[in-house]
Amino acid sequence: MGTRERRRREAESRRQEILDAARKVFFESGYGGASMPRIAEAAELAPGTLYLYFPSKEALYVELLLEGYDILLDRLKAAAKRPDPPLALAGRLVDVFLKFAKTHPEYYDIIFFLVHRERSGGWEGSFPADVVRRARAKEALCKDIVAGVLERAGYADPAARAATLDAVWSMLSGVIFHFGADPDGERVVRRAKELILAELSVRSRT
């Protein structure tokens with residue numbers, strides 16, 4: 001391995017260590033409680049070294065936001081490729097969403113709740129427009145997969161399909177937010193899935 005390749009790998013490894021530390025700090029302390037010095041400390045780096053890789057806390061947050069969307073997107077794609085009837089596929093996509101929240105709570109929090117909990121205007125007004133566009137594009141790719149299954153399930157009208165997609169997306173994220181840590185959370189989550197699939201079943205028969 002040449003010197004240039006070794007340095008590239010070392011830089012990429014250091015960058016990933018910083019992202020791992022930032023994810024942990026954001027999840028444990030919230031967006032407002034996180035800071036570049038705290039993230040540097042968690043990564044066992046001097047603050048000056050941290051700034052060589054990321055110029056700000058916002059840049060780190062967005063990088064993690066996009067990483068989280070990529071994980072969710074890959075899982076939705078894999079589930080949607082199965083040659084199942086639309087209703088079965090819809091159930092699989094719901095399961096993917098719920099499992100993502102359970103197995104990657106840090107990413108889920110960063111995508112759906114972290115900044116929204118602390119800022120009434122959400123994160124969009126606090127980040128550059130090009131960053132918002134990148135994040136929204138990732139979200140749209142995830143939703144497009146779900147929209148394709150809804151279309152196959154009988155939602156031919158684009159407006160009805162979009163409204164149903166937003167309702168399902170909001171219901172699942174809201175149930176997880178309010179009941180994820182509750183002892184009865186699993187029961188409520190299962191019931192939300194049943195209601196979603198019941199609605200889709202009615203539409204698929206019409």
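In this structure a side-chain-to-backbone donor-acceptor pair under 3.5 Å is missing from R75 to V96. Not a single donor-acceptor pair under 3.5 Å links the side chain of S13 to the backbone N or O of R9. Side-chain N or O atoms of S173 include one that pairs as donor or acceptor with a backbone N or O of W169 at under 3.5 Å.
Each of I196, L172, L98, V146 was scored for a side chain to side chain contact (heavy atoms under 4.5 Å, CB included) with L93, with one residue passing: V146.
Between R14 and E17 there is a salt bridge, with a side-chain nitrogen of the basic residue lying less than 4.0 Å from a carboxylate oxygen of the acidic one. Salt bridge annotation for R191-E194: present, with a cationic side-chain nitrogen under 4.0 angstrom from a carboxylate oxygen.
Using a 4.5 Å heavy-atom cutoff, the side chains of L200 and L150 are in contact. No side-chain heavy atom of K77 sits less than 4.5 Å from a side-chain heavy atom of L141.
With sequence neighbours left out, R190 forms a side-chain hydrogen bond (donor to acceptor under 3.5 Å, both in side chains) with no residue at all. When the salt bridge (Lys or Arg N to Asp or Glu O under 4.0 Å) test is applied to D70, the partners found at least two apart in sequence or on another chain are K138.
Between the side chains of R23 and Y107, at least one donor N or O lies within less than 3.5 Å of an accepting N or O. Side chains of E58 and Y31: a donor on one and an acceptor on the other come within 3.5 Å.
One hydrophobic cluster holds both L52 and M36 under the rule that ILVMFWY side chains link at heavy-atom gaps under 4.5 Å. Both Y53 and Y51 are part of a single hydrophobic cluster, where members link through side-chain heavy atoms under 4.5 Å apart.
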Quiz prompt | Residues F112, F97; criterion ring pair (Phe, Tyr, Trp, His ring centres under 6.0 Å); working and verdict | solution = CA-CA 12 Å; F112 291 99; F97 193 94; 5.6 Å; yes

Practice problem: Could you walk me through whether H104 and F100 pass ring pair (Phe, Tyr, Trp, His ring centres under 6.0 Å), step by step? | Solution: CA-CA 5 Å; H104 295 284; F100 174 72; 5.8 Å; yes

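Atoms CD and CG, on E151 and D144 in that order, are 11.0 Å from each other to the nearest 0.5 Å.
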